[in-house]
Amino acid sequence: MNVDSQAEARRSAAEDVRDRLRQAILDGGYPAGTQLRQEELAERFGTSRIPVREAFRQLEAEGLIKLLPNKGATVAALSWSDVNELLEIRIGLECRALRLAIPNMIQADFEQAAEILATYDSEISPVLWSQMNWRFHETLYLPCNLPRLIALIEGNYGQLSLYDRTQVSKASGKDIPQQEHFAILDACRRGAADEAVKLLEQHIVHTQKSLMAAARRKRSA
């Protein structure tokens, strides 16, 4: 194997470890504060420690883990101020993506979004609400045809998932967010970009206020 082939193989291995570890963190397999050991992860993913170290650096850049001197890697924990900032970033990124996406939407996009909401309606697990929420929003943003913007939105959403996705879902509930989802989808169907963007911003602000109220209740308990 030549030098270029070896470098490509290392990059591919690191990306595989990164993707699988990211998913394990977001699925709750490694809760906030968990120490991540290179040797254990290399064995789990069937690789050497070199791709694991590279994956750590990439996930640190995404905000999912922290690399601390003499302590190694740990899964990041978010404070309320962190979450509030990430929600403000959601507003900026997602409202722009939706505005750019609406002119490119086709019937298949609307049907897919509606199908996700129908499944969401019948789901009783707050953990799965978070997954379906992301799938719905991603479906609306993908027609913007800007992969880097979508990647930024997904990375931001992934960081928010560290703030106990069950807590987020329970704080917001399902009924009101679902009503807002259907209203956003309806505006998209009609090509009403200004209305859809306004509804989306209100939707994210509603989540923000619900989490703020939940944080106040937790402090006073």
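Heads up: numbering here begins at 1 and tracks the sequence.
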Colleague: To the closest 0.5 Å, what do you measure between CD1 (Ile153) and CH2 (Trp134)?
Modeller: 6.5 Å
Colleague: Please lay out, stage by stage, how Ile25 and Leu21 fare under the test side chain to side chain contact (heavy atoms under 4.5 Å, CB included).
Modeller: CA-CA 6 Å; Ile25 291 171; Leu21 182 55; 4.1 Å; yes
Colleague: Apply side chain to side chain contact (heavy atoms under 4.5 Å, CB included) to residues Thr47 and Asp16 and explain how you reach the verdict.
Modeller: CA-CA 10 Å; Thr47 186; Asp16 179 62; over 6 Å; no
Colleague: How far does CG of Leu64 sit from OG1 of Thr74, to the nearest 0.5 angstrom?
Modeller: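 Leu64 CG to Thr74 OG1: 11.5 Å, rounded to 0.5 Å.
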Colleague: How close do Ile102 and Gly191 get, counting heavy atoms only, and between which atoms?
Modeller: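 Closest pair (atom of Ile102, atom of Gly191, distance): CG2-CA, 3.9 Å.
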Colleague: Assess whether atom CD of Gln202 is packed by more than 12 heavy atoms of other residues, nucleotides or ligands within 6.0 Å.
Modeller: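 More than 12 within 6.0 Å, yes.
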Colleague: So His181 and Tyr120, side chain to side chain contact (heavy atoms under 4.5 Å, CB included) or not? Walk me through it.
Modeller: CA-CA 11 Å; His181 287 153; Tyr120 197 161; 3.6 Å; yes
Colleague: So Phe136 and Met132, do their side chains get closer than 4.5 Å, heavy atoms only?
Modeller: no
Colleague: Run the side chain to side chain donor-acceptor pair (under 3.5 Å) test against Ser122 and tell me which residues pass, sequence neighbours left out.
Modeller: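 Ser122 satisfies side chain to side chain donor-acceptor pair (under 3.5 Å) with no residue once adjacent residues are dropped.
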Colleague: Knowing that exactly one of Glu54, Gln23, Gln58 qualifies, which makes a side chain to side chain donor-acceptor pair (under 3.5 Å) with Arg18?
Modeller: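 Among the candidates, only Gln58 passes.
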Colleague: Is any side-chain heavy atom of Val205 less than 4.5 Å from a side-chain heavy atom of Ile91?
Modeller: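 Yes. Closest side-chain heavy atoms under 4.5 Å.
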Colleague: I need the single residue from Glu62, Glu60, Glu15 that forms a salt bridge (Lys or Arg N to Asp or Glu O under 4.0 Å) with Arg22. Which is it?
Modeller: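 Exactly one option meets the salt bridge (Lys or Arg N to Asp or Glu O under 4.0 Å) with Arg22, and it is Glu62.
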Colleague: For residues 180-194, pull every pair meeting salt bridge (Lys or Arg N to Asp or Glu O under 4.0 Å), keeping only residues two or more places apart or in separate chains.
Modeller: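 The answer is Arg99-Asp194, Asp186-Arg190, Arg190-Glu195.
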Colleague: Please report the closest heavy-atom contact between Met105 and Pro143, naming both atoms and the distance.
Modeller: CG-CG, 4.0 Å
Colleague: What salt bridge (Lys or Arg N to Asp or Glu O under 4.0 Å) pairs are there with at least one residue in residues 109-129, not counting sequence neighbours?
Modeller: none
Colleague: Cys144 and Ala97: which non-hydrogen atoms are nearest, and at how many Å?
Modeller: CB-O, 3.6 Å
Colleague: Under 4.0 Å between a Lys/Arg side-chain N and an Asp/Glu carboxylate O for Lys198 and Glu201?
Modeller: no
Colleague: Of all heavy-atom pairs between Ile65 and Phe56, which one has the smallest distance, and what is that distance?
Modeller: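 Closest approach of Ile65 to Phe56: CD1-O, 3.2 Å.
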Colleague: What's the shortest heavy-atom distance between His203 and Asn133, and which atoms?
Modeller: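 Heavy-atom minimum between the residues: NE2-OD1, 4.2 Å.
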Colleague: Yes or no on side chain to side chain contact (heavy atoms under 4.5 Å, CB included) for Leu36 and Leu41, after CA distance, side-chain angles and deciding distance?
Modeller: CA-CA 8 Å; Leu36 301 172; Leu41 291 171; 4.0 Å; yes
Colleague: Kindly give the heavy-atom pair with the smallest separation between Glu39 and Arg49, and that separation in Å.
Modeller: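 Taking Glu39 first and Arg49 second, the nearest heavy atoms are OE2-NH1, 3.2 Å.
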Colleague: Measuring only between side-chain heavy atoms, which start at C-beta, is Asn156 closer than 4.5 Å to Leu160?
Modeller: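 They are in side-chain contact.
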Colleague: Can you tell me if Arg37 has over 12 outside heavy atoms packed within less than 6.0 Å of its CZ?
Modeller: no
Colleague: Within the 4.5 Å heavy-atom criterion, are Gln112 and Arg135 side-chain neighbours or not?
Modeller: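 Side chain of Gln112 against side chain of Arg135, heavy atoms only: no contact under 4.5 Å found.
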Colleague: With rounding to the nearest 0.5 Å, note down the distance linking CG in Leu93 to CD1 in Ile204.
Modeller: 9.0 Å
Colleague: Apply side chain to side chain donor-acceptor pair (under 3.5 Å) to Glu88 and list each qualifying residue two or more places apart in sequence or on a separate chain.
Modeller: Gln208
Colleague: Quick one: side chain to side chain donor-acceptor pair (under 3.5 Å) partners of Tyr141, sequence neighbours excluded?
Modeller: Glu94, His137
Colleague: If you look only at pairs with a residue in residues 144-154, which of them pass as a side chain to side chain donor-acceptor pair (under 3.5 Å), with sequence neighbours excluded?
Modeller: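 Matches after skipping sequence neighbours: none remain.
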